[in-house]
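Just so you know, these numbers come straight off a predicted model, no measurement behind them.
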Amino acid sequence: MARARSSASRLRYCNPSYYLKRPKRLALLFIAFVGISFLVWDRQTLVREQEVEIAKLNAELEHLKVLLDESKSDGGNAGGLSGENIKFSRKSIFPEDPIDIQRREKVKDAMLHAWSSYEKFAWGQDELQPQSKNGVNSFGGLGATLIDSLDTLYIMGLDEQFQRARDWVANSLDFNKNYEASVFETTIRLHYKVVGGLLSAYDLSGDKVFLEKARDIADRLLPAWNTPSGIPYNIINLAHGNPHNPGWTGGESILADSGTEQLEFIALSQRTGDPKYQKKVENVITELNKTFPADGLLPIYINPHRGTSSYSPITFGAMGDSFYEYLLKVWIQGNKTAAVKHYR
C-alpha cells in the first residue's frame, strides 16, 4: 500500500492539473524549460559554427596542399608558394571585408614608398637616412634593410621587388668582411634581418640561395661559442674569426647575447639537417641550468671560461631581457614537449 501511494504521489507531477492549481510551480517549470531549451540551442549553434569554420579551414588546407603539390611538380623552382597564390587561396575561402582591403592597400602603399626610396638612394646598404637620402652601413654592410624586407615583399605579392632583392642576395651579398661584428647585434638585431630574414625568405619561396647564405653567416658566427664553457664571446671578426668580449664588460659575456640565438640556430639545423648549430646554442642553456637559481633570475654577466654568473645587476631591461623572452619562444617552438623542458 505504501509503495502504491508513493508511486501515485510521484505520478501527480506529470498531471497538468497539478500545476494549474499551483501557478508558482508552473512558472518555475516554465522558466526551467526555457533555460534548458536555450542552453541546448546555444550549444547546437556553437557546434554548427565550429563545424562551418572547420570545413572552411579544411578546404583551405586542401587548396594549399594542391598548390604545394603543383610547386613540387614544377621541379621545386624558386617561386614556391607565391604571395599571389596564398592570397588567392584565402580569397577563395573567406569573404573579404572592404575596409580590410583599403587598409591593406594603404599598408602596401607605405611599404612601396619606403622600399622605392631605399632602392633609389641606398640599394644594398644597411640603412637609408630619409632626410639626407644617403645610405649608411651601420651593421658592416650586410644589407640589413634589404634582407629584413624579403619576407614582407614576398607576402605582399611584390614579386618584381622581391626578385630584384633576391638577385642582390645571390650576386652581391658577401659576409667575408674584415668587420668586428657584435654577435648580439648580428644575432638579435641582424638575425631577424640576416639569418632570420634569410630563413623566412627560404621558408616562403623555397629558394635555396637564402638557406646557403644563412648557413654562411652562421658558420662565421660559430667560433664565438668556442670557449671552455660554451658560453659565447660577444664580438667576432666575420672574415678572420678571432672572437672576444668588449673591454667594458671586464671580459665577461652578456646574458642576452648568450641566450638569444636559440630560435634561429635551431631553425637553421632543422632546415639544413646539420645539428652543429643547435648543439652550440643548446649547450648554453644546459650550462646555465647547472647553476640556475631557484628564483629563475640571472645576473647580466657570465664568465665564458667557468660558465658561472658574475656579480652584476639582475634586470629585465637591456642585456637581460631577450634571454627570458627566448626561453618562452624556444619552448613554444619545440611544441612544449619534453625535448625543450629545460627551457621552462
Side-chain angles (χ1 to χ4, degrees), residues 107 110-156 158 160-205 207 209-224 232-244 246 254 256-257 260-261 263-265 267-268 318-319 321-322:
V107 173
M111 175 61 184
L112 279 171
H113 170 74
W115 182 256
S116 298
S117 297
Y118 173 75
E119 278 196 289
K120 184 176 181 180
F121 300 111
W123 181 245
Q125 298 187 67
D126 288 332
E127 294 180 286
L128 166 66
Q129 295 178 320
Q131 291 186 330
S132 65
K133 298 180 182 178
N134 291 323
V136 293
N137 287 320
S138 309
F139 301 103
L142 304 181
T145 292
L146 186 147
I147 296 173
D148 189 35
S149 303
L150 287 168
D151 53 356
T152 302
L153 294 171
Y154 191 93
I155 291 169
M156 286 185 170
L158 300 174
E160 293 181 8
Q161 291 83 352
F162 176 82
Q163 187 60 42
R164 287 196 293 272
R166 182 263 174 208
D167 292 343
W168 184 89
V169 169
N171 302 319
S172 302
L173 180 59
D174 180 16
F175 296 126
N176 189 32
K177 296 179 181 292
N178 186 21
Y179 170 63
E180 296 287 309
S182 164
V183 175
F184 176 78
E185 296 296 338
T186 311
T187 301
I188 252 293
R189 309 288 185 217
L190 284 178
H191 242 230
Y192 294 134
K193 291 181 170 65
V194 178
V195 178
L198 291 168
L199 286 175
S200 295
Y202 170 70
D203 285 346
L204 288 166
S205 69
D207 192 332
V209 68
F210 299 120
L211 185 61
E212 291 306 315
K213 291 291 185 179
R215 172 178 260 175
D216 182 6
I217 183 63
D219 285 341
R220 295 174 185 275
L221 295 176
L222 277 184
Y233 290 117
N234 298 159
I235 305 291
I236 190 168
N237 186 288
L238 293 181
H240 307 297
N242 307 325
H244 58 91
I254 299 171
D257 292 40
T260 316
E261 298 88 11
L263 277 177
E264 291 80 11
F265 271 76
L268 184 58
M319 299 193 290
D321 51 356
S322 56

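Across every non-hydrogen atom of W168 and G124, the tightest pair is CZ2-O, 3.4 Å. The shortest non-hydrogen separation linking A122 to G135 is CB-CA, 3.5 Å. The shortest non-hydrogen separation linking A256 to S322 is CB-OG, 3.4 Å. Annotation for V107 and M156: closest pair CG1-CE, 3.8 Å, computed over non-hydrogen atoms. The shortest heavy-atom contact between L199 and A267 is CD1-CB, 4.1 Å. Nearest heavy-atom pair across G197 and L150 is O-CD1, 4.4 Å.
Once rounded to the nearest 0.5 Å, the distance linking CG of L146 with CG of L153 reads 8.0 Å. The CG atom of N237 sits 12.0 Å away from atom NZ of K177, with the distance rounded to the nearest 0.5 Å. Note that CG of L238 is 8.5 Å distant from CZ of F175, once rounded to the nearest 0.5 Å. Note that the CD atom of Q129 and the OG atom of S138 stand 7.5 Å from one another [nearest 0.5 Å]. Between atom NZ of residue K120 and atom NZ of residue K133 there is a gap of 6.5 Å, rounded to the nearest 0.5 Å. From L268, atom CG reaches atom CG of L263 across 12.5 Å, with rounding to the nearest 0.5 Å.
Panel note: side chain D148, backbone A144; no donor-acceptor pair is recorded below 3.5 Å. Formation of a donor-acceptor pair under 3.5 Å by the D126 side chain with backbone atoms of G141 is found in this model. No donor-acceptor distance shorter than 3.5 angstrom exists from the side chain of Y118 to the backbone of H113, with no hydrogens or angles considered. At least one donor-acceptor pair under 3.5 Å links the side chain of N234 to the backbone N or O of I254. In this structure, the side chain of K213 engages the main chain of L173 through a donor-acceptor pair within 3.5 Å.
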Dump the intermediate steps for side-chain contact (heavy atoms from CB on, under 4.5 Å) on L112 and Q161, then the final yes or no. CA-CA 9 Å; L112 279 171; Q161 291 83 352; 3.4 Å; yes
Audit row: N178, H240, side-chain contact (heavy atoms from CB on, under 4.5 Å) steps and yes/no: CA-CA 7 Å; N178 186 21; H240 307 297; 3.5 Å; yes
Applying side-chain contact (heavy atoms from CB on, under 4.5 Å) to L204 and I155, what does each step give before you reach the verdict? CA-CA 8 Å; L204 288 166; I155 291 169; 4.0 Å; yes
Working note: N176 + R220, criterion side-chain contact (heavy atoms from CB on, under 4.5 Å); need CA distance, chi angles, decisive distance, verdict. CA-CA 9 Å; N176 189 32; R220 295 174 185 275; 3.4 Å; yes
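Taking 4.5 Å as the limit, some side-chain heavy atom of S182 sits within range of a side-chain heavy atom of I235.
Classified by interplanar angle (parallel below 30°, tilted 30° to 60°, perpendicular above 60°), the ring pair Y154/F162 is perpendicular.
A salt bridge does not link R215 to D219: none of the charged side-chain nitrogens sits closer than 4.0 Å to a carboxylate oxygen.
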